[in-house]
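What follows is a short report on a single structure.
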Amino acid sequence: MGLMLRAVPGSNDIFPQAKEYPFREPVFRHIVRTAEEVLRNAGAQMIHTPIFEQLEVFQRGVGLTSDIVVKKEMFVLEDRGGRLLALRPEPTAAVVRAYNEHGMKVWPQPVRLFTWGPIFRGERPQKGRYRQFHQVDYEALGLADPLLDAEAIALMVRIYRTLGLRNLEVRLGSVGDPEDRARYNQYLRGLLMPHADRLSEESRARLEANPMRILDSKSEQDQAVLAELGVRPMLEFLGEEAQAFHEQVCRYLERLGVAYTVDPSLVRGLDYYVRTAWEVHHMAIGAKSALGGGGRYDGLSEMLGGPRVPGVGFGIGIERVAIALEQEGVVVPPDPSPTLYLAPLDEPAKIEALALAEQLRPRVYVEIGYTPKSPRKALEDALRKGAQYVGFLGEAERARGVITLKHLQSGEQREVEPFQLHSLFEE
RNA sequence: GUGAGCGUAGCUCAGCCGGUUAGAGCACCGGUCUGUGGAACCGGGGGUCGUGGGUUCAAGUCCCAUCGCUCACCCCA
């Protein structure tokens, strides 16, 4: 059995009997449907973009200093013409690409879209982190108003709460405008350069290109240096406009009654983010793991060769939400069970059962037994399936042209003619 | 990329200080029960003990290697 093919590490089958909660199809579907309902009722429209794009869609948007590129976390493939494609490592750039491609800038703004589907990152898998995982994603494009940021955060929280999650923490920050970030990086360089020899190799390498990322270094020596120097957070370097924008988002959230904490040191892995950035955390997944995150990306469209299109959006990690739901003991609605279970009692009854089932479908949820069994076994099967009615088809029924129909809850049983079944169940 | 842990039936696992034919529970199939309630009892199928090598009279058990899985670091969803 050693040679039997398996799923690629970090990719998972999602099916009803899956042992791990995040891969149980009904749980998965419940999360998707709930999110879909919340977002549709907020007026967002569903879009599905391809799961692969030209590499540049993600490369340009993501920025050269970003870890997704630097650490080669993208799955890149080459088509026959030598064109480089990439499995999407995030949905936002693809949605913005679609917005531009279909001229959505002439639609009434903002254009609010949502999608869900697989996302791919070539990281080493572990709990709550997979190479193929799934996100629900929401984007509000075409209007740079803090109202949309606040709405996005509120919608995200609403999805979690509708699912039944408690113990949420919204961490809100701002990464400022590009000029603010440049100023902050300048500040960091000036502060850290004299102490470069005490920083880790990785951090030293980041000092020139992207000093902000030194702040979340996990190296103890780095953190010791940072603490000693008393580094000021990004949030204190916001320009006037970014500052006003951030304050407005906070005020709106308070008005909406959405609880949040300001995280002054919140940074983003992708270069296209500006101003608002947030993460929603849950205790279940561990201190470092977020259920979802979002932010504003006003410069992204231009990086993709499009017009200037402001945007704000979020992604929700479906598997991580499932882990949180399990942790909180939230019960997911079970799949419906059959109204009728048709049980063939002998060989010729198999096709009779199927024929009858096919007459009743799809208006009635009908399952059949595929192997003739004793009435006792057939009844057990029907009970296990949770059927409302069981219909026996055997020799006696054939002789009289009827089926024996039994209501499982009451135990009542009678013989009915097949044509009567339609009116019995179709209501 | 770095570190740790774990690989015995479809699943969860037991298997002592190395000892004869490798076990249990769950699941599946059948019988008791030849046309009626999830039970119970009995039976059955299913294993090259991840793989390769070594030590030994003897290896699921000890040693080495290798592969796989999982968790953690990093990053984030």
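Chain naming here is simple, since letters A, B, ... match the order of the sequence lines and numbering starts at 1 in each. These figures come from a predicted structure and were not determined experimentally.
Between the side chains of H282(A) and E328(A), a donor-acceptor pair is found at a separation under 3.5 Å. Between the side chains of Q413(A) and T404(A), not a single donor N or O lies within less than 3.5 Å of an accepting N or O. R189(A) and Q186(A) share a side-chain donor-acceptor pair at under 3.5 Å.
In this structure, F392(A) does not count as stacked on the base of G35(B) under the 5.5 Å centre distance and 30° plane angle limits.
Distance E90(A) CD to C75(B) P: 19 Å, rounded to the nearest Å. Put simply, CZ on F120(A) is 24 Å from P on C75(B), counting in whole angstrom units. Spacing between atom CG of L87(A) and atom C1' of A77(B) amounts to 17 Å, rounded to whole angstrom units. Rounding to whole angstrom units, CZ of residue R320(A) and P of A77(B) are separated by 8 Å. Protein atom CD of E123(A) is 10 Å distant from nucleotide atom P of A77(B), rounded to whole Å. Per the geometry, CG belonging to L266(A) stands 13 Å off P belonging to C75(B), to the nearest Å. In this structure, E20(A) places its CD atom 11 Å from C1' of C69(B), rounding to the nearest Å. The distance from atom CZ of F23(A) to atom C1' of A77(B) is 13 Å, rounded to the nearest whole Å.
Applying the 3.5 Å distance criterion, the base of G10(B) shares no donor-acceptor pair with the side chain of Q17(A). Scanning atom types as modelled, one donor and one acceptor separated by under 3.5 angstrom connect the side chain of R121(A) and the base of A77(B). Side-chain atoms of R124(A) and base atoms of U2(B) include a donor and an acceptor less than 3.5 Å apart.
By the rule that a glycosidic angle within 90° of 0 means syn, C17(B) counts as syn.
Of the candidate nucleotides C71(B), G35(B), C69(B), G35(B) has the atom nearest to the side chain of T404(A). Of the candidates U36(B), A77(B), C28(B), C28(B) carries the atom nearest the R384(A) side chain, counting heavy atoms from C-beta on. Which of A77(B), G38(B), C29(B) sits closest to the side chain of K373(A) comes down to C29(B). Considering only side-chain atoms of K127(A), the nucleotide from A77(B), A72(B), C69(B) that sits closest is A72(B). Candidate nucleotides A77(B), G35(B), G37(B) were compared by shortest atom distance to the side chain of R376(A), and G37(B) ranks first. Comparing A39(B), U36(B), A77(B) against the side chain of E380(A) picks out A39(B) as the nearest.
Nucleotide G30(B): paired with C42(B) (Watson-Crick or G-U wobble, both distances less than 3.5 Å). Judged by Watson-Crick or G-U wobble contacts below 3.5 Å, the nucleotide G18(B) has no partner. Of the nucleotides present, none pairs with A58(B) by Watson-Crick or G-U wobble criteria with both distances under 3.5 Å. Across all strands shown, nothing is found opposite U36(B) as a Watson-Crick or G-U wobble partner with both distances under 3.5 Å. Across all strands shown, U51(B) forms a Watson-Crick or G-U wobble pair, both distances under 3.5 Å, with A65(B). For A24(B), the paired base is U12(B) (Watson-Crick or G-U wobble, both distances below 3.5 Å). Checking U2(B) for Watson-Crick or G-U wobble geometry (two distances, each under 3.5 Å) identifies A72(B) as its partner.
For C41(B) and G5(B), the P atoms lie 42 Å apart once the distance is rounded to whole Å. Across G54(B) and C11(B), the matching C1' atoms stand 34 Å from one another, rounded to whole Å. As rounded to the nearest Å, G52(B) and G7(B) have C1' atoms that lie 15 Å from one another. G47(B) and A65(B) are spaced 31 Å apart, taking the P atom of each and rounding to whole Å. G15(B) and G50(B) have their P atoms separated by 15 Å, given to the nearest Å. Rounded to whole Å, the C1' atom of G45(B) lies 34 Å from the corresponding atom of G53(B). Rounded to the nearest Å, the gap between the P atom of C26(B) and that of G44(B) is 16 Å. Here the separation of C49(B) from U36(B), taken at their P atoms, is 46 Å to the nearest Å.
The residue L408(A) sits close to a base: some heavy atom pair falls under 4.0 Å. Residue contacts for R129(A): at a heavy-atom cut-off of 4.0 Å it reaches a base atom on one of the strands shown. Across all strands shown, G394(A) has heavy atoms under 4.0 Å from base atoms, whether or not it also approaches the sugar-phosphate. Nucleic acid contact for K19(A): sugar-phosphate only, since backbone atoms but no base atoms lie under 4.0 Å from a heavy atom of the residue. The residue E395(A) sits close to a base: some heavy atom pair falls under 4.0 Å. If you check every strand for non-hydrogen atoms under 4.0 Å, A396(A) touches a base.
Classification of the H134(A)-F28(A) ring pair by plane angle, with boundaries at 30° and 60°, yields perpendicular. Using a 30° and 60° split on the angle between ring planes, Y273(A) and Y297(A) fall in the perpendicular class, above 60°.
Close placement of the Y130(A) and F23(A) rings is indicated, their centers lying within 6.0 Å of each other.
Within the 4.5 Å cutoff, no side-chain heavy atoms of W116(A) are placed close to those of P91(A).
Distance check, rounded to the nearest 0.5 Å: CZ of R183(A) to CG of L238(A) gives 8.5 Å.
Ranked by how close their nearest RNA chain B nucleotide is to the 5' end, R6(A) and G293(A) are led by R6(A). Nearer to the 5' terminus of RNA chain B, by closest-nucleotide assignment, is the contact made by K377(A) (compared with the other of E412(A) and K377(A)).
Within the 3.5 Å criterion, the main-chain N or O of S174(A) finds no donor-acceptor partner in the side chain of R275(A).
Of the side-chain N and O atoms in Q126(A), one or more sit less than 4.0 angstrom from OP1 or OP2 of A72(B).
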